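The structure presented is a predicted model; accordingly, all values stated were derived computationally and were not measured.
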Amino acid sequence: MQLIKQSNNSSATDIQDQIEYDVFYDECKEDGYWHCFLFVPKDKKEFIHQLITKARICTHFKDTIHYVNITAKTKFKAPNVQFVKILIDILLYIIQQDENKIQAVIKWGENYKRYNGPKVGVKLAIFRKIYQNNSKSENQKMIEATFRMGLKGALHFLFIDEHPIIDNIYVDYSEDCFNNNFDSQNMWERLKEELRDNISYTQDSAIRFISKEDYTLDNTESQLMQFVDVIIGSIRTCVLQQTDFEARYKATEAIRTLLLKDYNNKARMKNSRYYKGYTLSEAKLENNEWIFNPIKIESDKQQMEFFSSDDLN
């Protein structure tokens, strides 16, 4: 494996201990443009695939999963809903970073099973560009810019003290569809120029394509793309408090664990098993300047706005 742009300050031991990641990406366009990046150590992909396969067996769900197929009328006991519920348990396990505190709590059947699993070391980043000026969409230029912004911010925040190697970046598009709207080579090449020295990438690193129409159950990368589809949908459900989708809301309730943590409080988060395991941020343009904030649950945000406007003036 040939590396490009390794840190000048890295010792031989540092380079040997580097972890190589594939990135799985999905997006959605509801109440903002949401980008989701899941950084998966390449040597742990098959382990995660096995967890997902076990979840399918437990729930008797033998179809490809599309989060949008869980509608307002879907029952909570439906196989696809129960499958999503276990996927969230799996997510909360695999993004834990402190190998001395790893705790897996997964409902493999009727009862939750709590055990100390091995560290997987997956990292999650959600980046939301808020729609503004009554806009309900973004143009291609803005989507491409915020894709790079989200991926760059995630790499710099989540790997600040590490030296990751980035290989494939899988996106939920067919190649023709993606390149009709974006320049995949330009997106990644421009980002490479902006990365810090601790971020390396392989010689063959590139954006690669797995369309929803091509999802399968026996391919690891395809299963992980479906996993990311569920993750971004689940985050959105909890942030926007979509209680009218009752089955979705109940299945993804555990995501609140992440949304309620103050992960920007380094002193507090350093003692958490999730420290440097995820980042949830949003941005908007004001007077041609980007304003960044952590993503908050909508009800919490409304409460904060109420206090700031009524009590503090």
Side-chain angles (χ1 to χ4, degrees), residues 24-28 30 34-40 44-45 47-61 63-71 74-97 102-115 117 119-126 128 172 215 217 223-243 245-261 263 272-274 277-280 295-298:
F24 292 84
Y25 168 80
D26 201 359
E27 46 76 25
C28 67
E30 184 173 349
W34 305 67
H35 302 273
C36 177
F37 305 92
L38 194 70
F39 300 87
V40 181
K44 297 295 177 22
K45 290 195 313 185
F47 176 73
I48 300 169
H49 185 191
Q50 291 173 8
L51 292 177
I52 295 172
T53 298
K54 185 174 180 180
R56 288 187 176 280
I57 293 170
C58 288
T59 57
H60 307 288
F61 185 66
D63 298 315
T64 55
I65 185 70
H66 300 284
Y67 190 77
V68 295
N69 289 346
I70 302 176
T71 68
T74 305
K75 301 299 183 183
F76 180 64
K77 291 186 178 180
N80 60 340
V81 178
Q82 293 302 304
F83 179 53
V84 165
K85 186 173 177 61
I86 297 181
L87 290 184
I88 299 306
D89 290 341
I90 292 172
L91 173 67
L92 295 178
Y93 157 44
I94 64 177
I95 64 171
Q96 296 177 41
Q97 304 295 311
I102 300 295
Q103 188 174 89
V105 185
I106 302 174
K107 189 174 184 180
W108 291 123
E110 292 299 320
N111 300 306
Y112 277 97
K113 181 180 179 182
R114 185 186 300 267
Y115 62 95
K119 178 181 174 179
V120 184
V122 168
K123 294 174 184 277
L124 168 68
I126 300 286
R128 175 193 186 192
D172 178 25
Y215 282 174
L217 306 186
Q223 288 274 53
L224 284 164
M225 284 302 302
Q226 294 171 66
F227 191 21
V228 173
D229 175 280
V230 168
I231 292 169
I232 193 169
S234 300
I235 294 283
R236 191 183 71 242
T237 292
C238 288
V239 170
L240 302 181
Q241 295 287 280
Q242 296 178 322
T243 54
F245 288 85
E246 185 177 1
R248 288 186 190 179
Y249 191 73
K250 289 174 67 177
T252 62
E253 192 172 11
I255 284 288
R256 290 173 63 88
T257 300
L258 303 183
L259 291 165
L260 296 176
K261 284 184 178 291
Y263 60 85
S272 169
R273 60 175 60 94
Y274 292 109
Y278 71 101
T279 177
L280 311 172
I295 291 177
K296 296 290 186 182
I297 296 173
E298 288 294 335

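Residues F83 and H60 place their aromatic rings such that the two centres sit no closer than 6.0 Å.
The side chain to side chain contact (heavy atoms under 4.5 Å, CB included) test with W108 is passed by exactly one of L51, D89, I57: L51.
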Margin query: If you apply the rule side-chain hydrogen bond (donor to acceptor under 3.5 Å, both in side chains), what do you find for Q223 with Q50, and how did you get there?
Written below: CA-CA 10 Å; Q223 288 274 53; Q50 291 173 8; over 6 Å; no
Next item on the list: Take W34 and I295 through the test side chain to side chain contact (heavy atoms under 4.5 Å, CB included) and record every step on the way to the result.
Entry: CA-CA 11 Å; W34 305 67; I295 291 177; 4.3 Å; yes
Check: Checking side chain to side chain contact (heavy atoms under 4.5 Å, CB included) for the pair K45/L224: CA distance, chi angles, key distance, verdict?
Finding: CA-CA 8 Å; K45 290 195 313 185; L224 284 164; 4.1 Å; yes
Next item on the list: Give the C-alpha distance, both sets of side-chain angles, the deciding distance and a yes or no for side chain to side chain contact (heavy atoms under 4.5 Å, CB included) between I86 and C58.
Entry: CA-CA 9 Å; I86 297 181; C58 288; 4.2 Å; yes
Notebook entry, point to check: side chain to side chain contact (heavy atoms under 4.5 Å, CB included) between I48 and V122: does it pass, once the steps are laid out?
Noted result: CA-CA 10 Å; I48 300 169; V122 168; 3.6 Å; yes
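Looking at E30, its side chain never comes within 3.5 Å of a backbone N or O of C28 through a donor-acceptor pair. Side chain of Q226 to backbone of H66: no donor-acceptor contact under 3.5 angstrom is found. Between the E253 side chain and the Y249 main chain, no donor and acceptor come within less than 3.5 Å of each other. Although no hydrogens or angles enter the test, the distance criterion places a donor-acceptor pair under 3.5 Å between the side chain of Y278 and the main chain of L258. Side chain of R56 to main chain of D63: a donor-acceptor pair is present (N/O by atom type, distance under 3.5 Å, no hydrogens or angles). Remark: the backbone N or O of Q97 is paired with a side-chain donor or acceptor of K119 at under 3.5 angstrom.
Rounded to the nearest 0.5 Å, atoms CD1 (I52) and CZ (F61) are 12.5 Å apart. Rounding to the nearest 0.5 Å gives a distance of 11.0 Å between CD1 of I94 and CD1 of I102. Residue L87 holds its CG atom at 10.0 Å from CD1 of I106, rounded to the nearest 0.5 Å. In this structure, D26 CG and D172 CG are separated by 4.5 Å, a value rounded to the nearest 0.5 Å. Atom CD1 in I90 sits 12.5 Å away from atom CD1 in I95 (nearest 0.5 Å). Atom-to-atom distance recorded for L91:CG and L124:CG is 6.0 Å, nearest 0.5 angstrom.
Side-chain contact between I88 and I255 is present, with heavy atoms from C-beta onward closer than 4.5 Å. The shortest distance between side-chain heavy atoms of L259 and K296 does not fall below 4.5 Å. With a 4.5 Å cut-off on side-chain heavy atoms, Y25 and I232 do not count as touching. Contact of the T64 side chain with the L217 side chain is registered, since non-hydrogen atoms from C-beta on lie closer than 4.5 Å.
Between T237 and S234, the side chains place no donor N or O within less than 3.5 Å of an acceptor N or O (distance only, hydrogens not considered).
Residues satisfying the ring pair (Phe, Tyr, Trp, His ring centres under 6.0 Å) test with Y67, not counting sequence neighbours, are none.
Heavy atoms from other residues, nucleotides or ligands lying under 6.0 Å from CD of E246 number 12 at most.
The cationic atom of K123 (NZ for Lys, CZ for Arg) does not lie both less than 6.0 Å from the six-membered ring centre of F39 and within 45° of the ring axis.
The aromatic rings of F37 and H35 lie parallel to each other, with less than 30° between the two planes, well short of the 60° mark.
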